[in-house]
Structures are given as C-alpha cells and as structure tokens.
Amino acid sequence: MLDENPFGSFKKECEETLKTVIKKLYPEFQIQKLVLEIPPNPQYGDLASSICFELSKTYKENPETLASKILNEILKLKFNLIWKVETLRGYINFFVNLPKLAEQTVNLAEKLKKEFGLVKTEKPEKIIVEHTSANPSGPLHVGTARNAILGDALARILTARGHKVKRHFYVDDVGRQVAIVAYGYRLLGEPKIKEKPDKWLGFIYTATNCAVEIKTLKEKIAKTQNQEELERLKRRLDEYAAVAVELESTHKEEFYKILDGVNSDPNPNQTIEKIIVNYEKGEKETKRLVRRIVKECLKGFRETLKKAEISFDSWDWESSFVWSGKVWEAIEKLKKTPYTFTRDGALVFNVQLAAETLGVKQKIFGESLFEVPQLVLVRSDGTTLYTTRDIAYHLKKFEWADRVVNVVGVEQKLAQQQLKTALLVLGVEKALNSLIHYAYELVKLQDYRMSRRRGKYITFDELIDEAVAMALNEVSKRSLNLPEKQKQKIAKAVGIGAIKYTMLSVSATKTVVFSWDKVLNFEANAAPYIQYAHARASSILRKTKIKPKKPDYALLQNPLEKQLIIKLSMFPEVFCEAADNLKPELLAEYSNSLADAFNAFYNKLPVLKAEDKALRDTRLKLVKTTKIVLENALNLLGIKTPGKM
RNA sequence: GGGCCCGUAGUCUAGCUUGGAUAGGACGUUGGCCUCCGGAGCCAAAGGUCACGGGUUCAAAUCCCGUCGGGCCCGCCA
C-alpha cells in the first residue's frame, strides 16, 4: 500500500525516523501517539511533530533543547523521501524531497491511470449500501436527493476501495402512505397515467390525504368542547384548506372527484386501514391495485435516478418479506425470547431489557442511563410495523453481507438502534459493529418546511432540470462553436455535478437549507470550478503531441509547483481516509483544493511555452497527473469531468 | 421530562475522532490582472469574543462540566 501512496511513504518515513531516535535517546519513553501534522506555513516544512512538548513533561527539559538533541540524532540517519529536517520553537519540521516525491507520484499516476489513488483494502468485505428508499407514493424530492447522492458516492467509494458492494433500494410498499394513494386512485376509477407517474401519484397522495384530513378534522371540530383544542383543530383545517386551493388549481377535475369520493365514504380511515390489512394478507384485488401503483411510481424514480446516473443492484420489496413468511418467522423467534410480552393485544419488544441482558446497552445507546423505549412489533389487529419488517429485511441482508450501511435520515436513529438490538437477540452478532446507520440531516427550505403531506416540496426532477438548463445557458455563452448535442452533454455534467457537490460538501450531520441560489450560482459552487480546472488541463494536453521523455523533477522550484505536487501526492491517503471513515466530504474538499493549486499554477507558469524543453516536459507531466487525479476524485463522487466546457 | 445533533466574519462552510505554530475556503464588498496554454480564472485588501461561562493543560475551536439559542427523536407512523 505504501508503494501506492507517495505522501504516505514520506509520512511513514518521518514516523520511523522519530521513533528510532526517541527509542535511542529515551528508551523508557512510551510513545502514546505520534501524530505528524501539516504545518500552518510551508516554511515550517511539509510535516511536523510536536512530540518534544510531550517529552518535556517527563524529562523536565524545555522542548527546544529536546528538539535540538533529537535533531542531532536524526541528522546521523540516511533519508529517502526526507530532504531535510529543522527545529523551531520546539517543533521538529520535516521537509520532503520534492523531486523524488514528484517523480513517484507522476510515475504511479501514469502507470495506474484510472486506478491511481484507489488503494485496495487488505480486508475486502461484502457490503450492502441501502440508500434512497423513498416512499413510493410521490416523486423524489430534494431531501431524498441528498440521500441518493450520499449513498451513491459511498457505494462508489467503497467499491473503489476493493469491497464487494451492492446497492439496494428498499421499496416501502406496505404501509399507510401507499394505501392512501391506492384509495385515491381507486376513487378516480383507476385512470391511465399520462404524466410522469411518480409526480402524478404524488398529486393523488396529497389530494387524498388532504380530503381525508379535512373530513376528519371537521368531524372532530363538531364534537370538541374544549376551546383550546378547538382552536388548534381549526388552525389545522385552515392549513389543509389552503392546500386544497392549490390542488384545485392544478388538477381541478381529479381533485373534486377525490374530494367527493372521500366525503361520501362514511369512514375513509377505515377504508384505508382495510387496504393495509388486505395488502399484508396478500388479498388478490388489493395486491393488484397496490402493486400497479408502486410499479408505476418506481418507473418514475428510475427515470429521475438515471438522469443523475444513480443505479441500484436490487429493489427489495417490503411486501415480499411479509408474504414469504419471513417477518412472522422473525416474530416467532423473538416471541420465544424473554424480551417480548403482550400488551392490549399487541406484541411488544422490551428493547431496554434485551440490550442490558446482552450487555450492549452502552455500545448501542450510549453512556446515559435513559430508559430505551419499547417497540411494538405487532399491532392488536395482527398487522406488523415498519421496524418489525425491517428486522426481517436485515436478517436477509446479513445472510450475504459482512457489513450493511443504511443511508437513512437521522430522525430514524432510535428505530435503527432498536433494529440492531433485535438482530443481536436473533443471533446476528456482526450487526453490533457492522450495521451502520449513516445518518444524514434533512434538507429544509428557507421559508417553509417541506411536507409531503401538504404537497410542499421541490422535486429532484425540477432541481435537475433547472440546474441543467442553467448550465446549458452558461455553456452556450462560452463555447459557441460546439455542436448542440455536445453542449447538452456538458450542461448535464455541469448542472448535475453542481447539485451533487452541494449535497456532498456539507457534513451529513448538518442541516442543509436549500436555496436555488446556492445550487445555481456556478460562481460560488465548487463543482464547475473543479471541472473547469480539469477542462484547462485537458485543453493543454489536447494542444500538444509531445510525449515528455526526459522530465527533470529538480527543475520544479516554484512554490506553486511544489504546492501542486504535494496535493497530488496526497490523493491516495485522502481516498483511504474517506473510504474507511465513510466521509465523502473529504474527497469533495480535496478536489476543490487540488483545483485551487492547479489554477494558481496554471495562471502563473506556462507549460507548453515554458522556458526550456525539460521544464516543459516536466510541467506537462504535472498537468497530466492533475487531470488523472481530478477525474478519479470526482468520479468517486459521481461527478463527470468533461474535457471541454 | 429524558436522549441525540448543530452553533465558527454580513451569508454559507472546513477543521473537533487523535489538543500544538498566524482558525482554512467560498459568496458578497473593495482594488488590481487578458501582446501569454480557456477570465466558469488569477492576485491583493477589509471582515472573527470559534454561542456564552467555568475547568483540565506548557498549549483548547478541538477534551470535561454548566448555561443559552436552533433542530430531531421518545407513536399499535414510516
């Protein structure tokens, strides 16, 4: 691995050097940690250690004296990638042998090309990445887009690391939301679907839900005496009335048909529940209706995801785990443990007791002493709940997988913890460390909260279409002589790249406040900036037929060249860290800083018109390496790198 | 009531796991740069009580305790 990681080799050498010397001078000193860090200023070297501050505690000498003693010993050793070592104010500063580092990096990149930096793990695992898994009752929106983009990047990164990765989409077809759509669709007389199906079904969902809410709220208001409660109900009714006005304006005829249907139904909620129960039973007519709707919705999802170049290996239907009896098998097994009991006809899982008995309470739920809420597994009417079915699903996942990464919103944290506990009860021991909830925060809108129920959301389609249109406009301004088809291709790469970068560059634990301005401002967004750096590198390489034969890396003396070489040499390390810690944002940030280094280099130093041939050849090598690294890095994030833009 | 997450210039954001030298970057603002490989670019300037208060340490944005703001969860919803 070290041969494939130039900067890592340098770091390793610094570590070894320090260890050797400290062991010699202070044999009894236990090195706790030997962290080498990148100094704040290049004049302090390329890597530095503050170990002397640590030593000074034990040996009561001041760090500067210790540093010079250590330096004395270091200078007796032979170096490979280390060029020189200095001390300053107690720090030991290592300077890299730049020509050597450059040569190694460039040669590796030339040899490995698309594989450069993608260092393979020593312990390949079978990993399932479950992501997106949007409820099939309406279109993907900007929130699920964040999920899809994160999940897709994680899958790409883990695959590149040498793991066997499968991407799964969990189709949540069992449950209330889909049942509501089924109800509404039936009220409409099951018409042929004309527009994009997920969008159309999203309308039916919102309209039906709205009609049911209005009816239910009116009934409650008629019965309520409590003034405060009455006010609350009236406010909600007003909200849904507003939603109704909007729905009426888009699909008037259909909306009234649904409204009338719901109003003439003596008990709509009961009708919806009946759909849920019948579907779970696998009753023929309900099955036909629901499956039809969900299939249509998934068609819409696929179309959207295809535009974003996000694909899946498996679509796992929740219902299949119910019908195959797998859910009940799991329930029966849990029933036999001491951790379940019956309450008011429902089957309840005592998560707290199970976690404590298995000794995993702290590990799963943290240090605090709080009482873990119990989990209802089976309703008193005999139907199952989401998390129950998820248990069966995960038993299946772990039959194949060594590790399961679930890209699921942070609001489901408790459910994921309860799920993990259940799996441990059922004997899936690897779930303890290998069931990973990759939690991400929600995407919010500036003025209002997104709400599927109220039909207030920005769809992934709208987002893509707007961004691509905007990009096409920009491309047309700049590259007038390109054929239309190529312009469109570039616009797609730029527009979608901008969306993906926006989602990937913010840590998953932070809420994203969505604004059109942020995504569509290509000046501010880093994706077009990075792609531009890549296009410039490509342009240089396009313009020359020179195959640099005799580069001389000692000629690279300019700080801008140095900065670029160091950045390039760090790519394998950044990649490994991103992959092993599931941190795509590291690659986003890295790509941006590499583009910075390249753009600065490009602006100041001529490549093809360099002062002499050897220098030209050497710089050409750097350009080539930059192109390779930018491609590899962005590719891991699912972002394209067009040669022209 | 309990648990978890977030708080860094006017705005957005990195760094927090593993404490280290001058807190990186972007938008916006101000001022420069196309006889030179693509100006979606480059250079420079201004802008910070790292929410607040304690503590640990030679050293705290980073670790610990507390406070305040914002969010999420604690459903026979998903």
Side-chain angles (χ1 to χ4, degrees), chain A residues 32-35 37 39-41 44 48-51 53-54 56-57 62-63 88-91 93 133 135 172 174-177 318 343-348 365-366 368-381 383-387 389-390 408-415 417 439 441-442 444 471 474-475 477-479 494 505-507 509-513 515 517-518 521-533 535-544 581 585-586 588-589 592-593 595-596 599-610 619 623 644-645:
Chain A
Q32 299 290 338
K33 58 205 183 289
L34 204 135
V35 187
E37 48 212 316
N41 187 321
Y44 302 152
S49 167
S50 57
I51 190 75
F53 296 91
E54 199 75 21
S56 80
K57 253 187 269 182
N62 85 52
L88 188 68
R89 278 174 274 156
Y91 291 89
N93 299 331
S133 301
N135 197 287
D172 177 23
V174 185
R176 197 177 157 83
Q177 296 199 43
E318 193 174 10
R343 185 180 66 203
D344 304 330
L347 183 71
V348 184
F365 295 94
S368 59
L369 296 169
F370 92 109
E371 182 86 10
V372 181
Q374 297 171 336
L375 176 71
V376 173
L377 294 169
V378 184
R379 292 190 186 96
S380 43
D381 69 0
T383 58
T384 57
L385 285 103
Y386 178 83
T387 308
R389 301 186 293 263
D390 220 12
V408 170
V410 69
E411 72 277 8
Q412 291 197 43
K413 184 169 178 171
L414 177 62
Q417 290 168 321
E441 265 291 352
L442 300 181
K444 290 180 179 163
E474 296 291 321
V475 173
K477 268 195 255 170
R478 295 158 221 265
S479 312
V494 173
S505 57
V506 179
S507 305
T509 51
K510 280 198 178 176
T511 311
V512 169
V513 179
S515 77
D517 182 57
K518 234 192 286 181
N521 181 352
F522 295 157
E523 301 288 324
N525 192 299
Y529 173 81
I530 302 165
Q531 287 168 322
Y532 184 63
R536 280 173 143 182
S538 306
S539 171
I540 292 180
L541 296 170
R542 253 199 318 272
K543 284 206 162 61
T544 179
N581 300 301
E585 67 270 25
L586 296 182
E589 211 207 323
N592 189 41
S593 68
D596 279 339
N599 276 331
F601 160 86
Y602 177 93
N603 201 254
K604 189 80 190 293
L605 307 172
V607 177
L608 297 178
K609 295 178 182 168
R619 284 184 180 157
V623 174
K644 294 180 186 172
M645 61 188 280

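What's counted below: heavy atoms across the whole structure, side chains too, no hydrogens, waters or symmetry copies. Per chain, numbering begins at 1; letters A, B, ... match sequence-line order.
- With P as the reference atom, C64(B) and C16(B) are 14 Å apart, rounded to whole Å.
- Using a 4.0 Å heavy-atom distance criterion, Gln412(A) is classed as a base contact.
- Between Tyr529(A) and G39(B) there is no side-chain N or O to OP1 or OP2 distance below 4.0 Å.
- In this structure, Thr509(A) reaches the sugar-phosphate backbone alone: every heavy-atom distance under 4.0 Å involves primed, P, OP1 or OP2 atoms, never a base.
- Of the listed nucleotides (A40(B), G71(B), C76(B)), A40(B) has the atom at the smallest distance from the side chain of Arg478(A).
- In this structure, the side-chain contact (heavy atoms from CB on, under 4.5 Å) partners of Val376(A), at least two apart in sequence or on a different chain, are Arg343(A), Ala346(A), Val348(A), Leu385(A).
- When the nearest nucleotides of RNA chain B are assigned to Glu318(A) and Val607(A) by heavy-atom distance, the more 5′-ward of the two goes with Val607(A).
- Using a 4.5 Å cut-off on side-chain heavy atoms (C-beta onward), Glu589(A) and Glu585(A) make no contact.
- Checking G2(B), C73(B), A40(B) against every side-chain atom of Phe370(A), the shortest atom distance belongs to G2(B).
- When Watson-Crick and G-U wobble pairs are counted only if both distances are under 3.5 Å, C42(B) pairs with G32(B).
- Within the 4.0 angstrom heavy-atom criterion, base atoms lie near Ala346(A).
- Judged as a side-chain contact (heavy atoms from CB on, under 4.5 Å), and not counting sequence neighbours, the contacts of Thr544(A) are Ile546(A), Leu608(A), Leu620(A).
- No hydrogens or angles were tested; on distance alone, nothing pairs the side chain of Ser56(A) with the base of C58(B) as donor and acceptor under 3.5 Å.
- Comparing the same atom, P, in C37(B) and in G48(B) gives a spacing of 40 Å after rounding to whole Å.
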Pick out the pairs of N or O atoms, protein on one side and nucleotides 12-21 of chain B on the other, that lie under 3.5 Å.
residue	atom	partner	partner atom	Å
A14(B)	OP1	Ser507(A)	N	3.2
A14(B)	OP1	Ser507(A)	OG	2.7
A14(B)	OP2	Lys510(A)	NZ	2.4
A14(B)	O2'	Glu589(A)	OE1	2.9
A14(B)	O2'	Glu589(A)	OE2	3.4
G19(B)	OP1	Lys33(A)	NZ	3.4
G20(B)	O2'	Tyr91(A)	OH	2.5
G20(B)	N7	Ser50(A)	OG	2.9
A21(B)	O4'	Tyr91(A)	OH	3.4
A21(B)	N6	Asn93(A)	OD1	2.8
A21(B)	N1	Asn93(A)	OD1	3.3
A21(B)	N1	Asn93(A)	ND2	3.4

Write out a two-atom table: protein N or O, nucleotide N or O from nucleotides 25-35 of chain B, distance below 3.5 Å.
residue	atom	partner	partner atom	Å
A26(B)	O2'	Ala524(A)	O	3.4

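- The side chain of Tyr602(A) places no N or O atom within less than 4.0 Å of a non-bridging phosphate oxygen (OP1 or OP2) of G41(B).
- Looking at residues two or more places apart in sequence or on another chain, you find a side-chain contact (heavy atoms from CB on, under 4.5 Å) between Glu474(A) and Met470(A), Lys477(A), Arg478(A), Phe522(A).
- In terms of phosphate contacts, Arg542(A) brings no side-chain nitrogen or oxygen within less than 4.0 Å of OP1 or OP2 of C37(B).
- Asp517(A) and Ser515(A) form no side-chain donor-acceptor contact under 3.5 Å, judged by distance and modelled atom types alone.
- OP1 or OP2 of C77(B) has at least one side-chain nitrogen or oxygen of Arg379(A) nearer than 4.0 Å.
- One atom, CG of Leu442(A), and another, P of A78(B), lie 18 Å apart when rounded to the nearest Å.
- For Tyr91(A), the ring pair (Phe, Tyr, Trp, His ring centres under 6.0 Å) partners two or more places apart in sequence, or in a different chain, are Phe53(A).
- Between the C1' atoms of G19(B) and G75(B), the separation comes to 43 Å (whole Å).
- For Lys644(A), the listed nucleotide lying nearest its side chain is G38(B); candidates were C73(B), G38(B), C76(B).
- In this structure, Arg536(A) reaches the G39(B) phosphate: one of its side-chain N or O atoms is under 4.0 Å from OP1 or OP2.
- Residue Leu605(A) is in base contact, counting any heavy-atom pair closer than 4.0 Å across all strands shown.
- Applying the 4.0 Å criterion to OP1 and OP2 of A78(B), one finds that Tyr386(A) has every side-chain N and O outside that range.
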